[in-house]
Amino acid sequence: MAPSLRCMKKSCIAMILAGGQGSRLYALTRKVAKPSMPFGGKYRIIDFPLSNCANSGIDTVGVLTQYRPLRLNSYIGSGQAWDMDTSDGGVFILPPYVSSGETGSWFSGTANAIYQNIGFIEMYDPDDVLILSGDHVYKMDYSLMLREHREHKADCTIAVLQVSMEDAPRFGIMNLGADGCIAEFEEKPKHPKSDLASMGIYVFKWETLRKYLMEDEADPESQKDFGKNIIPKMLSGGARLWPYHFDGYWRDVGTITSLWDANMDMLSTELINLYDPDWPILSNWPPRPPQYIGPMASVTHSIVTEGCSIEGLVENSVLSDSTTVAPGAQVSYSVLMPGAVVEEGAVVEYAIIGENTVLHKGAHVGAPPDGTDAWGVATCGPDIEIHAGARVPAGAMIYSGQEV
């Protein structure tokens, strides 16, 4: 653990767990961490928790990186884009480290990641610590959750979302007692007792959390995980755990399908409003020239970001900056990441196209849903060339280095 250096005391600081590999995104995250993935046209996934912190008045944030951190570190920089480059707070990149005379390794779990940064937290002597994931898409006012946490004198408050009973086995499920407190936690139960799913967003009383982190780290049988270890130990130890009920938009974009779904959701202001001046989603996206829509282009119900050149057909799609859709090309129900090129006569439908990937003339990627379980979103990773006339079927996954 790092040595303790006292800074200005903070009522609450946030710690964002942003080290995930995102292995279920396959080709898209071979070279980048999931939180740094382009999303929604002009954002990266990490923008959502960072913007929530900024809009909630939380000005001291530690970002715990691990897998391929270079792009994420460069993107966050000093935190200026989120107005967090202050003298008494800011955004701090916190990678795993080894101190002199210690053995160390990558973070071995979510709880171990926070344990390794106890020294950083203690510099600010917070009353409470907010633990967040760096790979969820949502808008939340953390100050309301913090207020409820303190009103109920909770040792830990967990944000919960009501899900269908069919989906409940995919989540950590909270079962409540007669007093409204969390009485039981079930990690992905086969037969859930309730429909209240943990969102992986926690507020902890720091004094209490520190005690449990120290005990958990000393347990050789522990997996060093909040859901599997810390929360159950707090419940068995008599700690007061409170549920914070959230009824807004929230998506875990951990799979190809969920990433595609969430991008499509950005086309609806009823699901999540990116145009709300009172709760802006901020980003450090580089400046680009204006978009160009050619005289023969057709663009409907789509997000088209700066630097794009559109001369073909685009419908129901999300286009990141500097993408090109040539004359006669068609893009529908798809996500194009920065620098993607769709040449003349090429077709993209129900697909995700990675950064700087080129579809040459007449290539065809993806297909509409056919009503079978075999259908899926076609995905091309970054820096790929799809040869002229090539066909990439629905559900296919194309990695860089493959010949297509």
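FYI, the numbering just counts along the sequence from 1.
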When rounded to the nearest 0.5 angstrom, what distance separates [atom1] in [X] from [atom2] in [Y]?
X: Ser133; Y: Met15; atom1: OG; atom2: CE; result: 14.0 Å
X: Leu213; Y: Thr208; atom1: CG; atom2: OG1; result: 10.5 Å
X: Thr110; Y: Asp225; atom1: OG1; atom2: CG; result: 4.0 Å

Would a distance-only check, ignoring hydrogens and angles, find a side-chain to backbone donor-acceptor pair under 3.5 Å from [X] to [Y]?
X: Thr357; Y: Asp383; answer: yes
X: Ser302; Y: Thr300; answer: yes
X: Ser320; Y: Met337; answer: no

When you check the side-chain N and O atoms of Asn229 and Gln223, is any donor under 3.5 Å from an acceptor?
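The criterion, which ignores hydrogens and geometry beyond distance, is not satisfied for Gln223 and Asn229.
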
Assess the side chains of His364 and Glu349: does a donor N or O sit below 3.5 Å from an acceptor N or O?
yes

Near-ring test Trp82/Tyr75, centroid separation under 6.0 angstrom:
yes

Measure centre to centre between the rings of Phe48 and Phe39, then say whether the value is under 6.0 Å.
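When the ring centroids of Phe48 and Phe39 are compared, they turn out to be within the sub-6.0 Å range.
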
Please name all residues satisfying side-chain contact (heavy atoms from CB on, under 4.5 Å) with [X], sequence neighbours left out, ordered by chain then number.
X: Pro192; value: Met165, Ala168, Pro169, Ile173, Pro189
X: Ala367; value: Arg391, Ala394
X: His301; value: Leu267, Asn316

Do [X] and [Y] sit within salt-bridge range, that is, some charged N less than 4.0 Å from a carboxylate O?
X: Asp155; Y: Lys205; result: yes
X: Lys211; Y: Glu215; result: yes
X: Asp216; Y: Lys233; result: yes

Which residue pairs pass the side chain to side chain donor-acceptor pair (under 3.5 Å) test with at least one member in residues 278-296, sequence neighbours excluded?
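Of all non-adjacent pairs touching residues 278-296, those that pass side chain to side chain donor-acceptor pair (under 3.5 Å) are Asn52-Trp279, Trp285-Asp321, Arg288-Asp321, Arg288-Ser322.
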
The side-chain hydrogen bond (donor to acceptor under 3.5 Å, both in side chains) partners of Asp59 (sequence neighbours excluded) come to Lys10

Considering only residues two or more places apart or on different chains, which pairs with a residue in residues 320-344 satisfy ring pair (Phe, Tyr, Trp, His ring centres under 6.0 Å)?
Tyr333-Tyr350

For residues Val304 and Thr323, determine if any side-chain heavy atom of one lies less than 4.5 Å from a side-chain heavy atom of the other.
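No; the side chains remain at least 4.5 Å from each other.
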
